[in-house]
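The structure appears below as structure tokens.
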Amino acid sequence: MSYDHQKIEKKWQAIWEKNQSHKTNDDPQKKKFYCLDMFPYPSGEGLHVGHLRGYSYSDAIARKKKMEGYNILHPMGWDAFGLPAENFALKYKVHPIESTQKNIANIKKQLQATGFMYDWNREINSSSPEYYKWTQWLFLQLYKNGLAYRKEAPVNFCPSCKASLANEEVVDGKCERCGTLTIKKNLKQWFFKITKYADKLIDDLESLDWPEKVKTMQKNWIGRSNGTEFFLNVLYGEKDVIELEKIDKFTQQWLGNIDTIENCVKIKVYTTRVDTVFGMTYVVLAPEHPLIPYLTTEKYKIDVEKYVEESRNISEIERTSQEKEKTGVFTGSYAINPLNGSKVQIWIANYVLLEYGTGAIMAVPAHDERDFAFAKKYNLEIIEVIKSNDKKSSVENDAFVDDGILINSGEFDQLHSSVAREKITQWLENQAMGYGTKKYKLRDWLISRQRYWGAPIPIVYCKQCGEVPLLEENLPIELPKNIQNFSPTLDGRSPLANINKFVETKCPLCGGYAERETDTISQWVCSSWYFARYADPKNSEKIFDLEKINYWLPVNLYIGGVEHAILHLLYARFFTKIMRDLNLIEFNEPFTRLFNQGMIYYKGTKMSKSKGNVVNPDDFFAKYGADTMRVYELFMGPAEQDVEWNDQGVVGTYRFLQKVWKIIEKYQAQNNTQKIKTIEQAKYSKDMEQLTHKTIKKVTDDVENFKFNTVISCLMEYTNKIFNSQFPISNDSVLILLKLLAPIAPHICEELWHQLHPEISEKESIFNQSWPQYDINLIVEEKFELVIQVNGKMRDSIKVEKNISEIEIKELIFKNEKIKKWILDEKQIKKIIFVPERLVNIVI
RNA sequence: GCCGAGGUGGUGAAAUGGUAUACACGCUGGACUUAAAAUCCAGUGGGAGUGAUCCCGUGCGGGUUCGAGUCCCGCCCUCGGCACCA
């Protein structure tokens with residue numbers, strides 16, 4: 001019987017299904033391992049072999065861990081809400097509920113055909129009311145704890161998706177999904193206060209076994225900086241102070257705690273380089289800064305108004321253009337440097353952003369590249385206040401931006417930058433003119449979407465009571481199903497707004513007429529907590545049971561693409577911290593270890609159906625089988641690296657599996673009762689035993705380190721050794737080969753295992769066998785290959801006893817014909833380097 | 001510009017500072033076959049030589065070392081991420 005992959009793969013998938021082999025039971029007595037894949041969205045295009053790479057890694061790890069005796073949680077589910085699913089439904093004019101179900105069924109079939117050991121009893125679907133009930137419930141918990149709020153703000157809006165986006169969903173000013181340039185739109189939107197957790201989200205990264213790249217990306221995204229905020233007294237024109245009463249309420253508020261100091265207007269600036277404050281030669285406000293009208297003098301009014309108007313229009317369209325030419329305009333007013341009392345011009349410029357810091361900066365052209373470029377352009381003064389150690393550099397041509405020794409800085413001269421920052425901040429604090437503070441680039445998370453296919457936000461608006469959260473017992477608020485038109489609208493309102501039956505409701509507080517919030521919750525929220533639900537997926541009373549959470553969570557290993565480095569992984573960490581503060585869980589970080597598998601390219605680009613360059617798993621499985629695909633995908637190259645799919649390369653792994661099959665055939669055909677007869681055979685048998693244990697060690701270690709490509713090459717070598725031998729195959733070597741290969745190629749190994757054990761029932765499985773252990777004593781060799789080098793170049797190698805002495809080696813060297821050629825006279829030898837159990841190097 | 005990863009045969013790629021190119025693909029030759037496929041065997045970095053052998057070789061230029069793909073310094077290129085964040 002030859003290797004019929006189609007037959008055996010179908011056979012074992014059916015048997016595993018029938019016996020519920022992959023069902024996970026909570027068993028507090030057993031050590032657990034939670035191995036999680038990022039759940040996919042149920043795309044209408046189905047999966048291609050590129051999608052299956054990450055799943056193949058996690059399945060191999062999960063199966064190996066199972067053989068090592070762990071209780072495994074290896075679940076799968078669907079990130080079913082959101083734009084892709086909805087757009088698919090709109091395109092094919094079906095209801096998203098229907099298309100989502102269909103797409104899920106299709107992908108599930110593909111995953112099952114690949115033979116992954118998911119426990120489908122725990123399948124979850126983020127678009128099912130049983131699930132989004134708890135998404136809504138979490139929203140209410142955030143709301144009650146002041147972590148969800150509604151605010152009118154200029155938000156990123158995608159004109160093509162017709163929905164608002166979170167900052168994280170805007171890449172280079174474009175919609176992360178469809179690539180359309182986003183616009184700013186003033187909308188009343190719901191936000192989650194992720195900024196409250198900024199410090200924890202940075203600091204807790206330390207403890208995680210994650211790729212450094214991802215940690216760095218998150219750190220940069222949160223963008224924490226330490227600096228100083230301080231106030232500058234302001235003069236309207238050259239000499240008049242502006243009294244606070246003359247400023248409108250909004251601007252007063254915006255300026256913050258200014259009125260606690262004096263009764264006149266000050267500008268607040270933020271800097272990380274307060275050590276350079278004596279080099280301040282002007283101050284810059286962002287074009288949207290609310291103080292501008294109060295500061296602009298008559299003489300400059302026309303210029304300023306024109307500039308502000310222009311930058312308002314430009315900022316929306318040209319924000320993303322590569323050429324970021326700095327422009328600006330003088331207001332006519334001045335600010336006073338609190339450190340030395342010098343009077344500096346107040347400018348408006350496009351390179352200062354309102355949203356970051358205080359929307360205003362002190363400009364130190366000598367020590368900041370942007371200020372330098374601006375000062376050169378507008379001919380503003382440049383004062384050097386930091387001396388570099390490097391005598392050659394000067395602030396004539398470039399800003400000097402490193403730390404150094406202060407000069408031209410009064411009492412702070414001669415201090416190093418790092419000391420000066422502390423001293424000057426202290427000085428400002430003593431004068432009540434400033435303080436040390438931290439700033440973040442991270443903004444609060446915008447979660448409302450003006451789309452149909454999402455969980456409705458559980459809030460109503462009542463004429464009497466205002467904004468009212470729904471009662472928990474009334475959850476879920478279900479999406480209306482029987483509607484004709486769920487297309488997004490152009491007016492920035494959700495399609496739900498047109499469904500009176502949905503909108504009109506009663507106020508939970510007063511019972512009077514109220515209207516529902518019609519925006520839905522971003523699908524990123526749904527995926528921010530799903531990993532916890534798998535521990536208790538069917539609980540209808542609680543979001544999950546704490547005991548179950550305590551057993552299974554956190555996730556031991558999380559596998560997925562690097563494209564989620566910021567969005568999903570940041571949101572999930574944020575939700576974990578919230579759930580912990582709500583005492584729903586007792587851990588701090590959701591994913592202890594993260595692994596990002598590389599992408600598979602095909603014909604030069606990323607596999608995708610729209611580009612027509614996919615390898616369809618259904619076709620592939622028919623030709624070579626799921627096991628071959630799994631072996632090939634892991635063999636292609638290092639797991640974290642992008643790799644190119646090669647149709648020809650596949651056959652090598654197919655041949656490998658066939659060879660494994662033939663070995664078992666050969667083993668079964670041979671007479672296994674024969675005793676070892678010859679000396680050669682005895683030696684072979686000993687060498688083979690040693691190789692077996694070496695192989696166990698290598699495979700075990702490399703799987704742990706995700707080096708599956710070398711795991712497979714090692715198993716290929718082992719297989720070749722067994723296959724090419726003229727001597728009978730030992731029982732040990734075939735059983736161990738099958739066990740080591742089983743996590744990667746489960747079907748063929750299960751089949752061959754059963755062929756070797758015809759007496760056991762099909763309920764038994766190779767995956768209930770224990771992972772092979774190696775005996776370190778058997779790996780140790782008595783002899784080794786001694787490399788003989790002359791001047792670092794290998795000239796010969798000889799097999800010698802392990803405990804050979806240096807004197808004995810010397811004798812061997814001088815007897816060696818090949819080496820004699822290189823050494824004419826022993827007096828030539830300068831020295832001899834001995835590397836124990838490895839080599840000897842003769843230096844002449 | 002800044003941060004990160006990488007650059008090794010015809011190709012995918014191996015290599016705790018110690019035999020560079022394991023494993024696999026492809027290619028060449030051979031066996032089997034009427035033939036092909038499949039399978040099996042041998043060879044396969046470049047150069048010189050009948051040959052044993054020798055020389056040169058891990059993006060480029062230096063350095064450390066008995067010995068460097070690996071460590072250090074300075075460049076070049078590719079790919080990812082960030083980018084007026086004061």
Side-chain angles (χ1 to χ4, degrees), chain A residues 2 171-172 211-217 219-225 227-228 269-274 276 284 286 319-320 322 324-326 349-353 355-364 367-371 373-374 401 439-443 562-563 565-566 598-599 631-632 635-638 640-656 658-659 662 707 709-720 723-724 785-797 818 821 829-844:
Chain A
S2 68
V171 179
D172 288 335
E212 280 309 313
K213 180 186 170 177
V214 176
K215 291 201 214 179
T216 308
M217 280 168 75
K219 264 184 226 163
N220 291 342
W221 183 260
I222 298 165
R224 179 166 66 191
S225 71
T228 304
V269 296
Y270 172 73
T271 178
T272 56
R273 289 301 304 275
V274 77
T276 65
V284 190
R319 247 175 327 129
T320 57
Q322 293 298 309
K324 280 166 185 163
E325 176 68 22
K326 290 175 182 50
N350 62 348
Y351 76 97
V352 173
L353 309 172
E355 315 90 67
Y356 184 76
T358 60
I361 60 153
M362 68 164 195
V364 184
H367 304 293
D368 181 280
E369 278 166 12
R370 297 150 298 181
D371 298 342
F374 192 79
V401 297
K439 293 286 174 199
Y440 306 88
K441 293 190 214 174
L442 184 72
R443 300 293 135 77
V562 73
E563 66 274 15
I566 292 173
M599 255 190 317
V631 175
Y632 178 59
F635 181 60
M636 286 168 88
E640 64 283 347
Q641 194 174 295
D642 291 347
V643 284
E644 174 90 21
W645 179 278
N646 181 338
D647 290 314
Q648 285 184 317
V650 170
V651 302
T653 50
Y654 187 59
R655 283 177 195 151
F656 164 58
Q658 282 180 315
K659 208 175 265 186
K662 284 180 194 164
K707 292 167 77 175
N709 51 334
T710 52
V711 166
I712 293 163
S713 69
C714 173
L715 289 173
M716 282 172 167
E717 282 177 88
Y718 187 54
T719 304
N720 289 342
F723 189 77
N724 294 334
E785 195 77 20
L786 176 78
V787 169
I788 307 171
Q789 294 183 335
V790 178
N791 285 341
K793 285 191 176 161
M794 191 191 87
R795 295 302 173 191
D796 199 11
S797 72
K818 283 182 186 166
K821 281 204 322 205
I829 297 173
K830 290 202 187 106
K831 60 172 159 176
I832 301 177
I833 311 280
F834 296 93
V835 182
E837 288 175 41
R838 202 172 278 274
L839 59 76
V840 53
N841 188 12
I842 307 156
V843 185
I844 55 173

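Letters go in sequence order (proteins before strands), and every chain restarts at 1.
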Protein-nucleic acid N or O pairs under 3.5 Å, nucleotides 50-58 of chain B:
from, atom 1, to, atom 2, distance (Å)
B/rC55, OP1, A/R795, NH2, 3.3
B/rC55, OP2, A/R795, NH1, 3.1
B/rC56, OP2, A/K793, NZ, 3.0

Considering only [options], which nucleotide approaches the side chain of [X] most closely?
X	options	answer
A/R838	B/rA14, B/rU16, B/rC84	B/rU16
A/K326	B/rC84, B/rA86, B/rA13	B/rC84
A/K707	B/rA86, B/rA15, B/rC66	B/rA15
A/M217	B/rG81, B/rA86, B/rA13	B/rG81

Using a heavy-atom cut-off of 4.0 Å across all strands, would you classify [X] as base, sugar-phosphate, or nothing?
X	answer
A/P211	nothing
A/K441	base
A/N841	base
A/Q789	base
A/N724	sugar-phosphate
A/K219	nothing
A/T272	sugar-phosphate
A/V364	nothing

- Message: Main chain of A/V364, side chain of A/D371: is a donor-acceptor contact present, judged purely on distance under 3.5 Å?
- Response: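 The answer is yes, because a donor-acceptor pair under 3.5 Å joins these two groups.
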
- A/V352 or A/I833, whichever maps to the more 5' nucleotide of RNA chain B: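 This one resolves to A/I833.
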
- Query: Mapping A/V171 and A/Q658 onto RNA chain B by nearest heavy atom, which one lands closer to the 5' end?
  - Reply: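 So the residue in question is A/Q658.
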
- Does OP1 or OP2 of B/rA5 have a side-chain N or O of A/K213 closer than 4.0 Å?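 For A/K213, the contact criterion (side-chain N or O under 4.0 Å from OP1 or OP2 of B/rA5) is not met.
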
- A/Y356 side chain near B/rA86 phosphate (N/O to OP1/OP2, under 4.0 Å):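 A/Y356 to B/rA86 OP1/OP2: side-chain N or O found under 4.0 Å.
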
Quick one: list whatever passes side-chain contact (heavy atoms from CB on, under 4.5 Å) with [X], sequence neighbours left out.
X	result
A/E644	A/Y601
A/N646	A/Y632, A/Q648
A/A360	A/I267, A/V269, A/L285, A/H289, A/T358
A/E355	A/L353, A/R443

- Message: What is the distance, to the nearest angstrom, from the OH atom on A/Y440 to the P atom on B/rA86?
- Response: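 In whole Å, B/rA86 P and A/Y440 OH are 13 Å from each other.
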
- Gap between atoms OH and P, on A/Y654 and B/rG12 respectively (whole Å):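 In whole Å, B/rG12 P lies 26 Å from A/Y654 OH.
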
- Message: Show the nearest heavy-atom pair for residues A/V840 and A/I832, with the distance to one decimal.
- Response: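 So the two residues come closest at CG2-CG2, 3.4 Å.
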
- Message: Strictly by salt bridge (Lys or Arg N to Asp or Glu O under 4.0 Å), give each pair with a member in residues 785-795 of chain A just once, sequence neighbours left out.
- Response: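 For residues 785-795 of chain A, and leaving out neighbouring residues, there are no salt bridge (Lys or Arg N to Asp or Glu O under 4.0 Å) pairs at all.
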
- Residue pairs fulfilling side chain to side chain donor-acceptor pair (under 3.5 Å) with at least one residue in residues 710-719 of chain A, sequence neighbours excluded: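 Every side chain to side chain donor-acceptor pair (under 3.5 Å) pair that includes a residue of residues 710-719 of chain A, provided the two are not neighbours, is A/T692-A/Y718, A/D702-A/T710.
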
Set of residues satisfying salt bridge (Lys or Arg N to Asp or Glu O under 4.0 Å) with respect to [X], sequence neighbours excluded:
X	answer
A/K662	none
A/K213	none
A/R838	none

- Item | Between A/K441 and A/N220, a side-chain donor and acceptor under 3.5 Å |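 No.
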
- Would you write out the dot-bracket form of RNA chain B, 5' to 3', with Watson-Crick and G-U pairs under 3.5 Å, [ ] for crossing pairs, | for pairs to other strands and . for unpaired bases? (((((((..(((.....[....)))((((((.......))))))((((....))))..(((((..]....))))))))))))....

Pull out every protein N or O sitting under 3.5 Å from an N or O of nucleotides 21-28 of chain B, one pair per line with the distance.
from, atom 1, to, atom 2, distance (Å)
B/rA22, O2', A/E717, OE1, 3.3
B/rA24, OP1, A/N720, ND2, 2.9
B/rC25, OP1, A/R655, NH1, 2.5

- Item | P-based separation of B/rU21 from B/rC72 [nearest Å] |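 Nearest-Å result for B/rC72 against B/rU21 at atom P: 25 Å.
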
